[in-house]
Structure formats: structure tokens, C-alpha cells
Amino acid sequence: MGKERWRRVGSAVWRSVAVWAVSTVTMLVLAGILPDFRLQSADGDSATSIAVTAALGAGAFGVLSSVVWPLLVRALLLVPALVLGALVFFLNGSLLLLALRLDPSGQSEAAPETAVVVAAVMSAVASATGGALAVRDDDAYRRRLYRLSDRRREGTAPAGAPSTPGTVFLQFDGVGHDVLVDAVARGLMPTVAAWLGDGPGGRATHRLIPWRTDWSSQTGASQLGILHGSNHDVPAFRWYEKDSQEIVVCNRPTSAAELQRRAVEHTGDGGLLTLDGASRGNLFSGGADQLALVLSVAARRGRDNRSRAGYFAYFSDPANAVRTALSFVADVCREIGESTGARLKKQRPRVGRGGLYPFIRAFATVVERDVVVAAVIGDMLVGRAAVYADLVAYDEVAHHSGPRSRDADKVLQRLDRSLALIAKVAEHAPRAYRVVLLSDHGQSPGETFRARYGLGLGELVRAGCGLPVPRKVRRTHSGAEARVAVRAALRRPVKESDEPYRPAGPASEPLVLASGNLGLVSFPDVAHRMSREEIDARHPALLTTLANHPGIGFVLVRSEEHGGLVLGAHGAAIPLDELDGNPGPLAEFGPGAADAVRRTHSFPHAADIMVNSWYDPEEGEVLAFEEQIGSHGGLGGAQGRPFLMSPLSFSAPVGDGEELVGAERVHGVLRRWLRECDGPQVPLAAVDDERVA
């Protein structure tokens, strides 16, 4: 045991000396290149003197980075996370200036702006050198990944390896089942292919199945059901609640917190991750105690808000900040180039990708990905029993570039590389890990409703009500998660001007909200859900205008005579209890559409009028009521067909010939798998795991 300990100490010392030597050479090279950075006196010095000066400077910089840097980060915990990422460069440069001042020769100096560049290059080179030297040393590799994530449990690794396996759930946000299968077939995702037995050797370790979402095919409804076992009364991504007179938006922190509270109250337990769990990059906590980038706690202020802790943990390593910042800039430039090319080629369909979007996209595809992956790595290395993480990069890009675009393909490749890194870390974790991949929904392509018909759903509703249609209309903003995640990282106010809490304008006018290709129409001045008869008496042409419009697939309303009623073109009006024999306008939306519509109709906060856009079953296209060419939120196409990919060591998700339907039932399957690992048990384990949506 003593020899092994000395071997580790010797190996660590050797690596430190090697990193110091490389840093010294880097400093010498930079001193020769940069005019405002010198390591010798004005009269010149010998090569030996210059080398000694560089060695002392590199050593001092290394010590300060190791000792002072974590203290600086801790002192800056109140600084917005993304601002901290920018401050990294200036603080790192300050450490270099301090190191040069400590040099006993007194001959070194650098201009402040030059110090920033030198410090960034030296941090990156030192990080790369240390990582390369540690590749073949398992203990060193593990320690480096500990530093990468900075997710220690009480500052130390577990004393012994747990006897039971842990589980990591990775959510590839917005990746549909068919998109994943196609990406594997085209060689874009070799890690996934190998797990499915399509790689070299052909030995499958995982099974892949599709599952079917609820009518509201979006992250808010799906992830709430998956993590907390209930998405009851979540009719869309955004909706109006007449009792509170407020607009609920799933990716608004205050709304997410309230939805999580309701789900916990509805099920009677805390969630999937209640015991020894970690939630990373999600809308909801799942009951986990370890949180990072979780939106439902982002509205908190003060020390109780641990959601942003992942940013500080990640940026506490200057090399991480340098690497991520360079990738961030590269992705911003890549998006500007790609969007400019699409505009010059006059590609159709196309939506605007200017303004702040390139930065929001780079945040989702680079910053959030790096921070979430680092947090997951840390959770595995401290041996947590269950981890659930959401990677939102594909969903953000597919909204604006299309789910089958070249841009989206590149994101899939990078997701696969992140998966490969996590798989590598599993080999060094203190316990065995089983990795489950899943998605919360897919995306359906198609141009926007406005692009095809020249007006949005809101203007169509106003026209059907006989109200004036404004010449300049407000477009419904994209509901992608990344935009609000950026605001949370910057500690900007939760309330946004384009996502109001309460309806604007006269209370008698209809309020129209969009969730992908699902539209909701409410009349705020009526306290209850209006019936078809009441709507016809008030606005005789409205329902006919909507049902007969070529861009509308079907309309759901409440009828005093029939209960729920589905309206379609040419006067079709079918009660919900007759849809099984006569699906009418729901026929082209496939099996399960009637059950999904019936369930949403039962929600207390279903809108007065629920509108689903047209769907082309041959092309799989829908018409989004938002400004998206890859959309989800309603019925129609790939948006309602996500995937679940699980290790063969777990029991089959469903029996032969059965279909996995609804996020709540996915929750039951994941709970069952956790019990098979003898891992964390959700309270009230006697509740039926096969709860049907």
C-alpha cells in the first residue's frame, strides 16, 4: 500500500514538472511573439537568465491559479454566471501580472491587455498538457475529471464503491425517434450505433423503442410527467388560467415552480430523483437534492438558489473558460455564416435568425452543454445513484434551421461525442453505471402558418370575431428553453415583455396563445370555460372560420349538448365519445389522437377553443403558429414520437406488441428500472408503476 501511494505521488510530481516545463516554453514563445510582453531587461540578458525568469514566472502563475483562483470564484458568486465567464480572462490576466511582480529578477513586465492573452494561452496549454499526460493514468484521469466538474461530496471521493449500479438518464431534447435512427444509419452518431450493435463487433448493449407523447408534445408537459409522474392539467406550453387571471408559460421560472408544486401535490411524492439524485439542466428538479441549471428553482433569490451553481463549478477552472469561450465564439460565427448562406440561397422554409439568436444558440450548443456534461461527470465520479440531465442543443437549432438540416446534423454529432465522454467516465466511476437515453418529444418540419397564409392565428381569430386586425401584428416568440436559460444565467428579471403575465387589451377580446402548431383561444372576461353555444351566440362566425380554414386541422370545444366536440371542415362536428368509430378530422393524425384529445379536454385549464394546425401525413409537415420551421407542441408527425433507449440489463419498457404512451407512463418505467438497480425509491412505491396518462 505504501509503495502504491509513493507511486501515485511520484506520478503526480512528474506531471506537475512536465506541465511547468511546457508552461515555461509557452511563456518564452509568447515573449518572443508579443511586443508588449518581455522577460528580460531593456539592456538584454543571457539566455539562461531569460529561461530562469520564464520558469519562475510560469511557476508563480501556476501556484496562483491553483490557490487563488478558487477563492476569487467563491468571492464572485453574486456575479451573473455568464459575466463570470467573461471576467475569467481579466482575472486570469491579473494573476499573471501578479506572478510577474513576484518574480525576484524584477525584469518581467506585460501590458494589461497582453497579460490577458498570455494567461489565456498558458491556461489552455497547461490544461491540454495535463490532460494528455493523465490519459494513461486512471487515478489522474479521475482526479482531472473531478476538477472539471468540481462536484465533490464533502470535498472527498466516496470511501468505497457502492455495490449497486447507478443510473444516468440523458435527455436529448427534441430528437425524434426517426431522426435518431436516420443519424445512426448515416454514421453521425457512432457511439449510439455501437450501443445498438451497428458498430464494429455488432454486439448490442441497448434497445431502442419509440414512445408517444400527449397532445401537448413539448418539454414542459413531457419532462414534468417523466420526472414527477404527473402532467395533469398542462394543456400546452403556454395557456391562460381564468381562476388566477394569469398566463402560465412552462419555461418561466415562476410557472415551472408552480407546475412542479402541483405535480408533487397530485402524486403525493417528490419525484423520480428523491433519494441521492441529481438534476442537471432541466425545467424541473425531479425531487433531487443536487441541482444545477434547474429552471424551477431559478426564480429563487439568495443562497437557497443552487440552480446556477453549475456555472461557477465549471468556470472555476480557467482552462474551462478559455476552451468554452473559444467554442462559443466559433459557434456564433458558424451560425452567422450558415444563416447568411441560407438567406442568399433563398432557402424555404426559413425564419429570421438575426439579432441575439446566434448568441442564444451558442449558449445552448456550447455553454449549457459543457456545464451540464461536466456536472453529470462529477455526479458519476462521486457515485450518485440517479442523475437526469437535459441537453437542449438540438432542439434550439432545429427550431430555426429545421429538424433534418445540416445544422441539426452537426449538433447530433457533438451530442454523440458528449455521450462518448460520459461513457468513458463511467469506466472510472466508483460504481457501475447504466446509461439511459431518451427524448421528451420530436420535431415536425414545415413552414409557419403566417408564411403560408399571410396572417397569424391571432389575426384569424380577430377576423372571425369581427374585430379589426392591426396592420402591424406582434409575432409569437419562439418558446425554446435556451432563451430563458440565458436570462437565468444573466440573472435578468424573470418577467419578459413578450411573455406577459396577464392579458393585454380589453378583457372582452379573445386572448390567443401559441405552442408550436397548437393554438389556444380564451375569453378572459368569462370566468368559466365557454361552450360552443356561448361562443356562437357571441361570435357567430368564429368557430366556422377556424374549422374551415385550410391551415387548421381540427378544433376542440366544449358543447352543452355533447360534452367535448371536435370540429372540422365542411361542418364536421363529432362528440369525443364517438371518435373511436368516426375519427373525422382526427383520422389523419394517427392512432391515439382521440385519446390524447379526450384527456386534454378533461383538464380544468383547457382553453375555450383548442386549435391544432393542418398536418400532411405524407410529408410529415405541420404549420407552426410560432416563428419556427421545426416545431412541436401539438399533434401531427414526428413531434409526438420521441425515443427511449435503455440497457438490455433492464427489463423491457413494455410487453411485445404494446406501445408506450404518455410521459406519465414513461415515469413508471424509469421508476421500475431504478428499483431493479436497488437504487433510490420514489416515495409511495406501492403506487401502480403503469399509471396511464
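In this text the structure is predicted, and so the values were computed from the model without any measurement.
Put simply, the side chain of Pro575 reaches to within 4.5 Å of the side chain of Glu578, judged on heavy atoms. Within the 4.5 Å cutoff, side-chain heavy atoms of Phe284 are placed close to those of His228. Side-chain contact between Glu588 and Glu618 is absent, with no heavy atoms from C-beta onward closer than 4.5 Å.
In this structure, the separation between CG on Leu576 and CG on Leu556 is 6.0 Å, given to the nearest 0.5 Å. Going from atom CG of Leu644 over to atom CG of Leu670 covers 6.5 Å, rounded to the nearest 0.5 Å. Between His400 atom NE2 and Ser405 atom OG the span is 12.0 Å, to the nearest 0.5 Å. Remark: Leu567 CG to Leu546 CG distance equals 9.0 Å, nearest 0.5 Å. For the atom pair Cys250 SG and Leu224 CG, the distance stands at 8.0 Å (nearest 0.5 Å). For the atom pair Met189 CE and Leu415 CG, the distance stands at 6.0 Å (nearest 0.5 Å).
In this pair, Phe603 and His232 present their aromatic rings perpendicular. The plane angle is above 60°, beyond the 30 to 60° band. Below 30°, between 30° and 60°, or above 60°: for His539 and Phe523 the angle between ring planes is below 30°, a parallel geometry.
For the pair Gln443 (side chain) and Ala638 (backbone), a donor-acceptor distance under 3.5 Å is absent. Side chain of Ser217 to main chain of His632: no donor-acceptor pair is present (N/O by atom type, distance under 3.5 Å, no hydrogens or angles). For Ser339 (side chain) and Ile336 (main-chain N/O), a donor-acceptor pair under 3.5 Å exists by modelled atom type. Between the side chain of Asn548 and the backbone N or O of His570 there is at least one donor-acceptor pair closer than 3.5 Å. Using modelled atom types, one side-chain atom of Asp416 and one backbone atom of Val192 make a donor-acceptor pair closer than 3.5 Å. A side-chain donor-acceptor contact under 3.5 Å links Arg252 to the backbone of Ile247. A side-chain donor-acceptor contact under 3.5 Å links Glu459 to the backbone of Gly456. Between the side chain of Trp211 and the backbone N or O of Ser439 there is at least one donor-acceptor pair closer than 3.5 Å. Gln223 places no side-chain N or O within donor-acceptor distance of the main-chain N or O of Asn282, the cut-off being under 3.5 Å. The closest donor-acceptor contact from the side chain of His177 to the backbone of Pro642 lies at 3.5 Å or more, if one exists at all.
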Subject >> Asp440 vs Thr219, side-chain hydrogen bond (donor to acceptor under 3.5 Å, both in side chains): CA-CA, chis, key distance, verdict >> reply: CA-CA 6 Å; Asp440 48 347; Thr219 304; 2.6 Å; yes
Subject >> Derivation and outcome, salt bridge (Lys or Arg N to Asp or Glu O under 4.0 Å), residues Asp331 and Arg369 >> reply: CA-CA 13 Å; Asp331 203 77; Arg369 178 202 64 198; over 6 Å; no
Subject >> Verdict with reasoning, Gln171 to Tyr388, per side-chain hydrogen bond (donor to acceptor under 3.5 Å, both in side chains) >> reply: CA-CA 8 Å; Gln171 178 178 303; Tyr388 194 104; 2.6 Å; yes
Subject >> side-chain contact (heavy atoms from CB on, under 4.5 Å) evaluation trace for Leu196 with Met645 >> reply: CA-CA 9 Å; Leu196 294 175; Met645 183 173 163; 3.7 Å; yes
Original post:
Do Phe554 and Trp215 pass the ring-ring contact (aromatic ring centres under 6.0 Å, His included) test, and can you show the C-alpha distance, the side-chain angles, and the key distance before you say yes or no?
Top reply: CA-CA 13 Å; Phe554 66 91; Trp215 187 359; 5.5 Å; yes
**OP:** Would you please test Leu660 and Val669 for side-chain contact (heavy atoms from CB on, under 4.5 Å) and show each step?
**Re:** CA-CA 9 Å; Leu660 187 57; Val669 171; 4.0 Å; yes
**OP:** Go through Ser631 and Asn517 one step at a time and tell me if the side-chain hydrogen bond (donor to acceptor under 3.5 Å, both in side chains) criterion holds.
**Re:** CA-CA 7 Å; Ser631 67; Asn517 73 318; 5.1 Å; no
**OP:** Report the C-alpha distance between Arg406 and Asp409 in whole Å, list the side-chain angles of each, state the deciding distance to 0.1 Å, and finish with yes or no for salt bridge (Lys or Arg N to Asp or Glu O under 4.0 Å).
**Re:** CA-CA 5 Å; Arg406 181 182 173 189; Asp409 286 348; over 6 Å; no
Original post:
Step by step, would you call Arg450 with Glu626 a salt bridge (Lys or Arg N to Asp or Glu O under 4.0 Å)?
Top reply: CA-CA 9 Å; Arg450 182 185 304 279; Glu626 298 181 89; over 6 Å; no
**OP:** Determine, stepwise, if the pair Val521 / Asp608 fulfils side-chain contact (heavy atoms from CB on, under 4.5 Å).
**Re:** CA-CA 6 Å; Val521 184; Asp608 294 330; 5.8 Å; no
**OP:** Go through the steps for Val611 and Leu520 under the test side-chain contact (heavy atoms from CB on, under 4.5 Å), then give the verdict.
**Re:** CA-CA 6 Å; Val611 182; Leu520 295 87; over 6 Å; no
Subject >> Stepwise salt bridge (Lys or Arg N to Asp or Glu O under 4.0 Å) check, Glu338 with Lys410 >> reply: CA-CA 12 Å; Glu338 290 169 348; Lys410 293 178 181 177; 3.3 Å; yes
**OP:** Run the numbers on Thr365 and Arg414 for side-chain hydrogen bond (donor to acceptor under 3.5 Å, both in side chains), then give the verdict.
**Re:** CA-CA 9 Å; Thr365 58; Arg414 291 194 286 270; 5.0 Å; no
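Shown here for Ala593 and Leu635, the closest heavy-atom pair between the two residues is CB-CD1, 4.0 Å. Between Gly225 and His667, the closest heavy-atom pair is O-CB, 3.1 Å. Pro653 approaches Trp673 most closely through the heavy-atom pair CG-CZ2, 3.7 Å. The two residues Thr448 and Gln628 make their nearest non-hydrogen contact at CG2-O, 3.5 Å. Counting all heavy atoms, side chain and backbone alike, Ala236 lies closest to Leu518 at CB-CD2, 3.9 Å. Between Ser559 and Glu533, the shortest heavy-atom contact is OG-OE2, 3.3 Å.
A distance below 6.0 Å separates the ring centres of His549 and Phe449. Aromatic pair Tyr394/Phe172: ring centres not closer than 6.0 Å.
Using a cutoff of 4.0 Å between basic side-chain nitrogens and carboxylate oxygens, Asp214 and Arg599 are scored as salt-bridged. Between Arg361 and Glu396 no salt bridge is recorded (no basic side-chain N to carboxylate O distance below 4.0 Å). For the pair Glu368 and Arg280, the salt-bridge criterion is not met [side-chain N within less than 4.0 Å of a carboxylate O]. Ion pairing between Arg532 and Glu560 fails under the 4.0 Å rule for side-chain N and carboxylate O. A salt bridge links Arg404 with Asp182; the closest basic N to acidic carboxylate O contact falls under 4.0 Å.
Under the 3.5 Å distance criterion, with hydrogens and angles disregarded, a donor-acceptor pair is assigned to the side chains of Gln218 and Ser216.
Both tests pass for Arg434 against the ring of Phe650: distance under 6.0 Å to the centre and angle within 45° of the axis. Geometrically, Arg452 engages Trp614 in a cation-pi contact defined by less than 6.0 Å to the ring centre and at most 45° from the axis.
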